[in-house]
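Bear in mind the structure is a predicted one, so any value in this text is a computation, not a measurement. A note on names: the letters A, B, ... follow the listed sequences, proteins ahead of strands, and every chain is numbered from 1. Heavy atoms only: backbone and side chains are in, while hydrogens, waters and symmetry mates are out.
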Amino acid sequence: MQKEKEKKNKVYIIIIIVLLLLLLGAIIFILVSHHSTPADTLTPDSSAADYDGNHQTPHLADGTPGIAIPGQAESLVFIAGQTTQQINIYNPSANDCLFLPSLFVDGVKVWQGGYLAPGKAYYNIDLDTPLKSGEYSAYVLYECFKDDGSALNNAKVSFKLVVKDENK
Amino acid sequence: MKKLICLLVVVLIAVAVIPAISADTALNTTGGNPGTSELIYTVPDSYEVIIPERLNIDQEYYFTASKMNIRDEEAIYVVCDNYNDLRLTNAYNDAILATINADSNGNVGLFWKGDATSRIGMTATAFYDDDTPAGEYIGITTFNLSLGTKE
(Lines give C-alpha, C1' and ligand atoms only; values in the text may rest on other atoms or scores of the structure.)
Protein backbone atom coordinates (compact mmCIF):
# COMPACT_ATOMS: atom_id res chain seq x y z
CA MET A 1 0.00 0.00 0.00
CA GLN A 2 2.73 2.40 1.07
CA LYS A 3 4.76 1.47 -2.01
CA GLU A 4 1.80 2.07 -4.29
CA LYS A 5 1.26 5.47 -2.70
CA GLU A 6 4.91 6.34 -3.16
CA LYS A 7 4.76 5.22 -6.78
CA LYS A 8 1.71 7.36 -7.41
CA ASN A 9 3.41 10.38 -5.82
CA LYS A 10 6.43 9.89 -8.04
CA VAL A 11 4.19 9.88 -11.11
CA TYR A 12 2.42 13.05 -9.94
CA ILE A 13 5.76 14.74 -9.36
CA ILE A 14 6.95 13.81 -12.83
CA ILE A 15 3.71 15.13 -14.35
CA ILE A 16 4.06 18.37 -12.38
CA ILE A 17 7.67 18.79 -13.52
CA VAL A 18 6.67 18.22 -17.14
CA LEU A 19 3.83 20.73 -16.85
CA LEU A 20 6.14 23.28 -15.24
CA LEU A 21 8.65 22.81 -18.03
CA LEU A 22 5.93 23.28 -20.65
CA LEU A 23 4.71 26.37 -18.83
CA LEU A 24 8.24 27.75 -18.69
CA GLY A 25 8.69 27.05 -22.39
CA ALA A 26 5.42 28.83 -23.26
CA ILE A 27 6.38 31.91 -21.20
CA ILE A 28 9.83 32.05 -22.82
CA PHE A 29 8.25 31.76 -26.30
CA ILE A 30 5.83 34.64 -25.61
CA LEU A 31 8.59 36.86 -24.24
CA VAL A 32 10.94 36.14 -27.15
CA SER A 33 8.27 36.79 -29.83
CA HIS A 34 7.41 40.19 -28.29
CA HIS A 35 10.93 41.29 -27.60
CA SER A 36 12.92 40.00 -30.53
CA THR A 37 16.44 41.34 -30.59
CA PRO A 38 17.43 43.24 -33.72
CA ALA A 39 19.34 41.31 -36.31
CA ASP A 40 22.92 42.26 -37.01
CA THR A 41 22.82 45.35 -39.27
CA LEU A 42 24.81 45.90 -42.44
CA THR A 43 27.04 48.96 -42.64
CA PRO A 44 25.87 51.50 -45.29
CA ASP A 45 28.42 53.26 -47.48
CA SER A 46 28.96 56.69 -45.88
CA SER A 47 30.59 58.07 -49.06
CA ALA A 48 27.28 57.94 -50.98
CA ALA A 49 25.52 61.29 -51.51
CA ASP A 50 21.98 62.16 -50.44
CA TYR A 51 19.50 61.45 -53.22
CA ASP A 52 17.98 64.66 -54.51
CA GLY A 53 16.49 63.45 -57.78
CA ASN A 54 17.68 62.36 -61.20
CA HIS A 55 20.83 64.29 -62.21
CA GLN A 56 20.66 63.22 -65.84
CA THR A 57 19.50 66.20 -67.91
CA PRO A 58 16.48 65.36 -70.10
CA HIS A 59 17.12 64.56 -73.74
CA LEU A 60 15.25 63.33 -76.78
CA ALA A 61 15.76 59.96 -78.41
CA ASP A 62 18.74 61.20 -80.48
CA GLY A 63 20.42 62.86 -77.50
CA THR A 64 19.17 66.39 -78.32
CA PRO A 65 18.96 68.44 -75.10
CA GLY A 66 15.40 68.60 -73.88
CA ILE A 67 13.08 70.08 -71.28
CA ALA A 68 10.93 67.81 -69.12
CA ILE A 69 7.38 69.17 -69.01
CA PRO A 70 5.18 67.84 -66.18
CA GLY A 71 1.65 66.89 -67.13
CA GLN A 72 -1.63 67.36 -65.29
CA ALA A 73 -4.43 64.91 -64.66
CA GLU A 74 -7.28 64.86 -67.17
CA SER A 75 -9.31 67.13 -64.89
CA LEU A 76 -8.65 69.25 -61.84
CA VAL A 77 -11.06 70.62 -59.24
CA PHE A 78 -11.05 74.21 -57.99
CA ILE A 79 -13.31 75.76 -55.35
CA ALA A 80 -15.79 78.37 -56.58
CA GLY A 81 -15.71 81.86 -55.18
CA GLN A 82 -12.18 81.82 -53.78
CA THR A 83 -8.85 82.87 -55.23
CA THR A 84 -6.54 80.43 -53.40
CA GLN A 85 -6.49 77.09 -55.18
CA GLN A 86 -4.45 73.88 -55.02
CA ILE A 87 -2.55 72.72 -58.09
CA ASN A 88 0.84 71.05 -58.61
CA ILE A 89 3.06 73.18 -60.87
CA TYR A 90 6.72 72.22 -60.71
CA ASN A 91 9.99 72.36 -62.61
CA PRO A 92 11.51 68.83 -62.66
CA SER A 93 14.86 68.83 -60.87
CA ALA A 94 16.66 67.32 -63.89
CA ASN A 95 15.92 70.37 -66.07
CA ASP A 96 18.56 72.95 -66.94
CA CYS A 97 16.25 75.93 -67.45
CA LEU A 98 13.82 78.20 -65.62
CA PHE A 99 10.04 77.93 -65.97
CA LEU A 100 7.74 80.92 -66.07
CA PRO A 101 4.34 79.30 -65.49
CA SER A 102 0.92 80.84 -65.97
CA LEU A 103 -2.62 79.46 -65.83
CA PHE A 104 -5.23 80.13 -68.51
CA VAL A 105 -8.93 79.35 -68.10
CA ASP A 106 -11.07 79.49 -71.25
CA GLY A 107 -8.24 81.36 -72.93
CA VAL A 108 -7.93 84.04 -70.23
CA LYS A 109 -4.85 84.28 -68.04
CA VAL A 110 -5.92 83.97 -64.38
CA TRP A 111 -2.57 83.48 -62.70
CA GLN A 112 1.10 84.26 -63.37
CA GLY A 113 3.93 82.70 -61.41
CA GLY A 114 7.55 83.80 -61.08
CA TYR A 115 10.70 82.18 -62.48
CA LEU A 116 10.69 78.62 -61.16
CA ALA A 117 14.08 76.94 -60.75
CA PRO A 118 14.55 73.19 -61.28
CA GLY A 119 13.32 71.27 -58.25
CA LYS A 120 10.93 74.02 -57.16
CA ALA A 121 7.14 73.97 -57.19
CA TYR A 122 3.91 75.84 -56.55
CA TYR A 123 1.28 73.84 -54.66
CA ASN A 124 -1.10 76.74 -53.88
CA ILE A 125 -1.76 79.64 -56.21
CA ASP A 126 -3.82 82.84 -55.91
CA LEU A 127 -6.02 83.52 -58.93
CA ASP A 128 -6.49 87.10 -60.15
CA THR A 129 -10.24 86.65 -59.70
CA PRO A 130 -12.35 83.84 -58.23
CA LEU A 131 -14.16 81.51 -60.63
CA LYS A 132 -17.85 80.58 -60.71
CA SER A 133 -18.84 76.93 -60.52
CA GLY A 134 -18.85 75.08 -63.82
CA GLU A 135 -16.55 73.27 -66.25
CA TYR A 136 -13.82 75.07 -68.16
CA SER A 137 -10.99 74.24 -70.52
CA ALA A 138 -7.69 75.24 -68.99
CA TYR A 139 -3.98 74.96 -69.54
CA VAL A 140 -0.75 75.71 -67.73
CA LEU A 141 1.66 77.56 -70.02
CA TYR A 142 5.33 76.89 -69.30
CA GLU A 143 7.61 79.51 -70.85
CA CYS A 144 11.17 78.23 -70.60
CA PHE A 145 14.39 80.24 -70.36
CA LYS A 146 18.07 79.66 -69.87
CA ASP A 147 19.68 81.46 -66.92
CA ASP A 148 20.97 84.15 -69.29
CA GLY A 149 17.39 84.94 -70.34
CA SER A 150 17.53 83.32 -73.81
CA ALA A 151 14.13 81.87 -74.73
CA LEU A 152 13.56 78.16 -75.30
CA ASN A 153 10.59 76.20 -76.61
CA ASN A 154 7.43 76.53 -74.54
CA ALA A 155 4.75 74.02 -73.60
CA LYS A 156 1.08 74.13 -72.75
CA VAL A 157 -0.43 71.37 -70.64
CA SER A 158 -4.18 71.20 -71.21
CA PHE A 159 -6.81 69.80 -68.85
CA LYS A 160 -10.48 70.13 -67.89
CA LEU A 161 -11.10 72.42 -64.93
CA VAL A 162 -14.12 71.65 -62.74
CA VAL A 163 -15.02 74.47 -60.36
CA LYS A 164 -17.25 73.34 -57.52
CA ASP A 165 -18.96 75.07 -54.63
CA GLU A 166 -17.20 74.26 -51.37
CA ASN A 167 -18.52 71.17 -49.51
CA LYS A 168 -20.26 69.85 -52.64
CA MET B 1 -1.32 16.73 -5.96
CA LYS B 2 -4.21 16.19 -8.35
CA LYS B 3 -5.46 19.68 -7.65
CA LEU B 4 -2.00 21.09 -8.31
CA ILE B 5 -1.78 19.19 -11.59
CA CYS B 6 -5.21 20.44 -12.65
CA LEU B 7 -4.22 24.00 -11.77
CA LEU B 8 -1.02 23.73 -13.79
CA VAL B 9 -2.92 22.39 -16.80
CA VAL B 10 -5.37 25.32 -16.62
CA VAL B 11 -2.53 27.85 -16.34
CA LEU B 12 -0.69 26.21 -19.24
CA ILE B 13 -3.77 26.41 -21.47
CA ALA B 14 -4.31 30.05 -20.51
CA VAL B 15 -0.68 30.95 -21.33
CA ALA B 16 -0.80 29.09 -24.64
CA VAL B 17 -3.84 31.11 -25.78
CA ILE B 18 -2.13 34.52 -25.23
CA PRO B 19 -0.27 34.67 -28.62
CA ALA B 20 -3.48 33.81 -30.49
CA ILE B 21 -5.45 36.57 -28.71
CA SER B 22 -2.73 39.19 -29.32
CA ALA B 23 -2.76 38.39 -33.07
CA ASP B 24 -6.52 38.95 -33.32
CA THR B 25 -7.42 42.28 -34.89
CA ALA B 26 -11.18 42.26 -34.99
CA LEU B 27 -12.92 45.52 -36.01
CA ASN B 28 -15.98 46.34 -33.91
CA THR B 29 -18.97 48.35 -35.17
CA THR B 30 -21.10 50.51 -32.90
CA GLY B 31 -23.34 47.51 -32.44
CA GLY B 32 -20.41 45.65 -30.97
CA ASN B 33 -20.19 43.35 -34.05
CA PRO B 34 -17.06 43.15 -36.23
CA GLY B 35 -17.51 44.76 -39.70
CA THR B 36 -15.57 45.78 -42.83
CA SER B 37 -15.30 49.05 -44.72
CA GLU B 38 -14.40 49.37 -48.38
CA LEU B 39 -11.94 52.13 -49.13
CA ILE B 40 -11.51 53.46 -52.65
CA TYR B 41 -8.75 55.80 -53.86
CA THR B 42 -7.98 56.73 -57.46
CA VAL B 43 -4.30 57.28 -58.21
CA PRO B 44 -4.11 60.31 -60.56
CA ASP B 45 -2.41 60.18 -63.97
CA SER B 46 1.14 61.53 -64.00
CA TYR B 47 3.48 62.08 -66.92
CA GLU B 48 6.50 64.14 -67.99
CA VAL B 49 7.15 64.67 -71.70
CA ILE B 50 10.55 65.90 -72.86
CA ILE B 51 10.44 68.52 -75.61
CA PRO B 52 13.50 69.90 -77.47
CA GLU B 53 15.03 73.07 -76.05
CA ARG B 54 15.05 74.64 -79.51
CA LEU B 55 13.99 73.58 -83.01
CA ASN B 56 16.53 72.66 -85.61
CA ILE B 57 14.81 72.05 -88.92
CA ASP B 58 17.35 69.52 -90.18
CA GLN B 59 16.46 67.01 -87.50
CA GLU B 60 13.65 64.54 -87.04
CA TYR B 61 12.57 64.63 -83.41
CA TYR B 62 11.16 61.81 -81.36
CA PHE B 63 9.91 63.17 -78.07
CA THR B 64 10.71 61.12 -74.99
CA ALA B 65 9.06 60.77 -71.60
CA SER B 66 10.64 60.50 -68.19
CA LYS B 67 7.32 59.40 -66.74
CA MET B 68 4.20 58.00 -68.42
CA ASN B 69 1.86 56.68 -65.73
CA ILE B 70 -1.52 56.84 -67.45
CA ARG B 71 -4.33 54.33 -67.90
CA ASP B 72 -4.41 51.68 -70.61
CA GLU B 73 -7.22 53.45 -72.47
CA GLU B 74 -5.49 56.86 -72.40
CA ALA B 75 -2.86 58.56 -74.54
CA ILE B 76 -0.80 61.75 -74.42
CA TYR B 77 -1.05 63.83 -77.58
CA VAL B 78 1.52 66.46 -78.54
CA VAL B 79 0.67 69.09 -81.13
CA CYS B 80 2.60 72.16 -82.23
CA ASP B 81 0.64 75.39 -81.79
CA ASN B 82 2.00 77.44 -84.68
CA TYR B 83 2.95 74.47 -86.86
CA ASN B 84 2.16 76.41 -90.06
CA ASP B 85 3.90 79.59 -89.17
CA LEU B 86 7.30 78.99 -87.64
CA ARG B 87 9.93 81.70 -87.84
CA LEU B 88 13.56 80.74 -87.51
CA THR B 89 16.44 83.18 -87.28
CA ASN B 90 20.22 83.08 -87.49
CA ALA B 91 22.79 84.93 -85.40
CA TYR B 92 22.29 88.04 -87.60
CA ASN B 93 18.49 87.97 -87.27
CA ASP B 94 17.94 86.83 -90.84
CA ALA B 95 14.72 84.84 -90.90
CA ILE B 96 13.24 81.91 -92.77
CA LEU B 97 9.81 80.35 -92.46
CA ALA B 98 9.09 76.72 -91.74
CA THR B 99 6.18 74.38 -91.18
CA ILE B 100 5.98 71.40 -88.87
CA ASN B 101 4.98 68.12 -90.49
CA ALA B 102 2.38 66.44 -88.28
CA ASP B 103 0.50 63.16 -88.72
CA SER B 104 -3.02 63.03 -90.19
CA ASN B 105 -4.48 63.99 -86.80
CA GLY B 106 -2.17 66.98 -86.39
CA ASN B 107 -0.01 65.24 -83.77
CA VAL B 108 3.76 65.52 -83.59
CA GLY B 109 4.06 63.23 -80.58
CA LEU B 110 2.03 60.33 -79.20
CA PHE B 111 2.50 58.30 -76.01
CA TRP B 112 0.65 55.33 -74.61
CA LYS B 113 0.93 54.02 -71.08
CA GLY B 114 4.53 53.21 -70.19
CA ASP B 115 6.03 54.58 -73.44
CA ALA B 116 9.47 56.17 -73.02
CA THR B 117 9.62 57.36 -76.65
CA SER B 118 6.91 58.89 -78.83
CA ARG B 119 5.23 56.53 -81.29
CA ILE B 120 5.49 59.17 -84.01
CA GLY B 121 8.30 61.52 -85.01
CA MET B 122 8.26 65.21 -85.93
CA THR B 123 9.94 66.80 -88.95
CA ALA B 124 9.81 70.27 -90.39
CA THR B 125 10.12 71.86 -93.82
CA ALA B 126 11.95 75.15 -94.28
CA PHE B 127 11.18 77.72 -96.97
CA TYR B 128 13.96 79.92 -98.27
CA ASP B 129 15.37 81.18 -101.53
CA ASP B 130 18.83 81.47 -103.04
CA ASP B 131 19.37 84.83 -101.41
CA THR B 132 18.93 83.46 -97.93
CA PRO B 133 22.25 83.62 -96.09
CA ALA B 134 23.78 80.24 -95.36
CA GLY B 135 24.10 79.13 -91.79
CA GLU B 136 22.19 77.74 -88.84
CA TYR B 137 18.62 78.92 -88.26
CA ILE B 138 16.94 78.20 -84.96
CA GLY B 139 13.45 78.89 -83.73
CA ILE B 140 11.18 78.30 -80.81
CA THR B 141 7.60 77.21 -80.66
CA THR B 142 4.94 76.06 -78.20
CA PHE B 143 4.00 72.41 -77.84
CA ASN B 144 0.57 71.54 -76.55
CA LEU B 145 0.34 68.40 -74.37
CA SER B 146 -3.03 66.87 -73.58
CA LEU B 147 -4.30 63.67 -72.00
CA GLY B 148 -7.09 61.99 -73.92
CA THR B 149 -8.68 58.72 -74.91
CA LYS B 150 -6.58 56.43 -77.09
CA GLU B 151 -7.75 56.57 -80.73
Side-chain angles (χ1 to χ4, degrees), chain A residues 8-9 11-13 15-27 29-30 33-34 54 56-76 88 90 92 94-97 137 139-144 146 150-160, chain B residues 1-2 4-9 11-19 22 42-56 59-71 74 76-81 111 116-118 121-122 139-149:
Chain A
K8 262 192 186 174
N9 280 343
V11 169
Y12 287 147
I13 288 167
I15 290 172
I16 288 168
I17 291 170
V18 168
L19 287 173
L20 283 172
L21 285 172
L22 284 172
L23 187 61
L24 184 65
I27 291 169
F29 173 77
I30 290 167
S33 64
H34 280 85
N54 187 356
Q56 283 187 320
T57 50
H59 56 272
L60 273 72
D62 61 355
T64 303
I67 307 168
I69 303 295
Q72 295 289 344
E74 193 173 12
S75 68
L76 292 182
N88 293 343
Y90 67 96
N95 277 341
D96 187 24
C97 63
S137 63
Y139 62 86
V140 176
L141 171 65
Y142 292 97
E143 293 174 88
C144 308
K146 283 293 190 187
S150 51
L152 303 174
N153 282 328
N154 304 321
K156 282 185 200 174
V157 177
S158 302
F159 56 95
K160 182 171 74 175
Chain B
M1 275 291 191
K2 284 184 184 176
L4 179 59
I5 290 169
C6 288
L7 180 65
L8 281 173
V9 169
V11 169
L12 186 61
I13 290 170
V15 168
V17 164
I18 287 173
S22 66
T42 303
V43 176
D45 305 291
S46 67
Y47 61 93
E48 283 179 10
V49 171
I50 298 171
I51 63 172
E53 286 188 345
R54 295 184 177 93
L55 280 181
N56 187 323
Q59 289 179 264
E60 180 178 16
Y61 289 104
Y62 277 87
F63 298 98
T64 52
S66 48
K67 196 194 302 182
M68 193 53 60
N69 187 13
I70 59 177
R71 301 183 200 198
E74 292 174 329
I76 299 298
Y77 298 96
V78 185
V79 300
C80 183
D81 262 8
F111 295 88
T117 304
S118 169
M122 180 187 78
I140 60 170
T141 186
T142 299
F143 294 103
N144 198 333
L145 282 55
S146 60
L147 173 66
T149 308

> Which answer fits B:Ile70, side chain, backbone, both or neither, if we ask what part of it has an atom under 4.5 Å from a heavy atom of chain A?
Replying inline: neither

>> Rounded at 0.5 Å granularity, tell me how far CD1 in A:Ile16 sits from CG in B:Leu4.
In response: 4.0 Å

>> Counting only non-hydrogen atoms closer than 4.5 Å, does B:Val78 touch chain A with its backbone (N, CA, C, O), its side chain (CB onward), both, or neither?
In response: neither

> Atom CG of B:Leu55 and atom CG of A:Asn153: how far apart are they, to the nearest 0.5 Å?
Replying inline: 4.5 Å

>> Is A:Glu143 close to chain B through its backbone or its side chain, or both, or neither, when contacts mean heavy atoms under 4.5 Å?
In response: neither

>> Which one wins on heavy-atom pair count under 4.5 Å against chain B: A:Cys97, A:Ala151, A:Pro65?
In response: A:Pro65

> Atom CG of B:Leu147 and atom NZ of A:Lys160: how far apart are they, to the nearest 0.5 Å?
Replying inline: 11.5 Å

>> For B:Glu48 versus A:Pro70, what's the shortest heavy-atom pair and its separation?
In response: CG-CA, 3.9 Å

> Do A:Val157 and B:Tyr47 pass the side-chain contact (heavy atoms from CB on, under 4.5 Å) test, and can you show the C-alpha distance, the side-chain angles, and the key distance before you say yes or no?
Replying inline: CA-CA 11 Å; A:Val157 177; B:Tyr47 61 93; 3.6 Å; yes

> Considering all heavy atoms of both residues, which atom of B:Asn144 and which atom of A:Ser158 are nearest to each other, and what is their separation?
Replying inline: OD1-OG, 2.9 Å

> OG1/B:Thr142 to OH/A:Tyr139 distance, rounded to the nearest 0.5 angstrom?
Replying inline: 9.0 Å

> Who passes ring-ring contact (aromatic ring centres under 6.0 Å, His included) against A:Tyr90, sequence neighbours left out?
Replying inline: none

> Between A:Ala155, A:Cys144, A:Ala26, which shows the greatest number of heavy-atom pairs under 4.5 Å with chain B?
Replying inline: A:Ala155

>> So for B:Glu60, is it side chain, backbone, both, or neither that comes closer than 4.5 Å to the heavy atoms of chain A?
In response: backbone

>> So which atom in A:Lys156 and which in B:Asp81 form the shortest heavy-atom distance, rounded to 0.1 Å?
In response: NZ-OD2, 2.7 Å

> Relative to chain B, which of A:Ile69, A:Leu141, A:Ile27, A:Leu23 shows the most heavy atom pairs under 4.5 Å?
Replying inline: A:Ile69

>> Need one label for A:Tyr12: side chain, backbone, both or neither, based on atoms under 4.5 Å from any heavy atom in chain B.
In response: both

>> Is it true that, when you exclude A:Lys8 itself, more than 12 heavy atoms of the residues, nucleotides or ligands shown sit nearer than 6.0 Å to its NZ?
In response: no

> In terms of heavy-atom pairs under 4.5 Å with chain A, which of B:Ile5, B:Asp45, B:Val11, B:Ile51 leads?
Replying inline: B:Ile51

>> Within this structure, what is the CG-CG distance for the pair B:Leu12 and A:Leu22, rounded to the nearest 0.5 Å?
In response: 5.5 Å

>> Quick check for you: to the nearest 0.5 Å, what is the distance between A:Ile17 atom CD1 and B:Leu8 atom CG?
In response: 11.0 Å

>> Please classify the contact of B:Thr141 with chain A as side chain, backbone, both or neither, using a heavy-atom distance under 4.5 Å.
In response: both

> Closest approach of A:Ile67 and B:Glu53, non-hydrogen atoms and distance?
Replying inline: CG1-CG, 3.8 Å

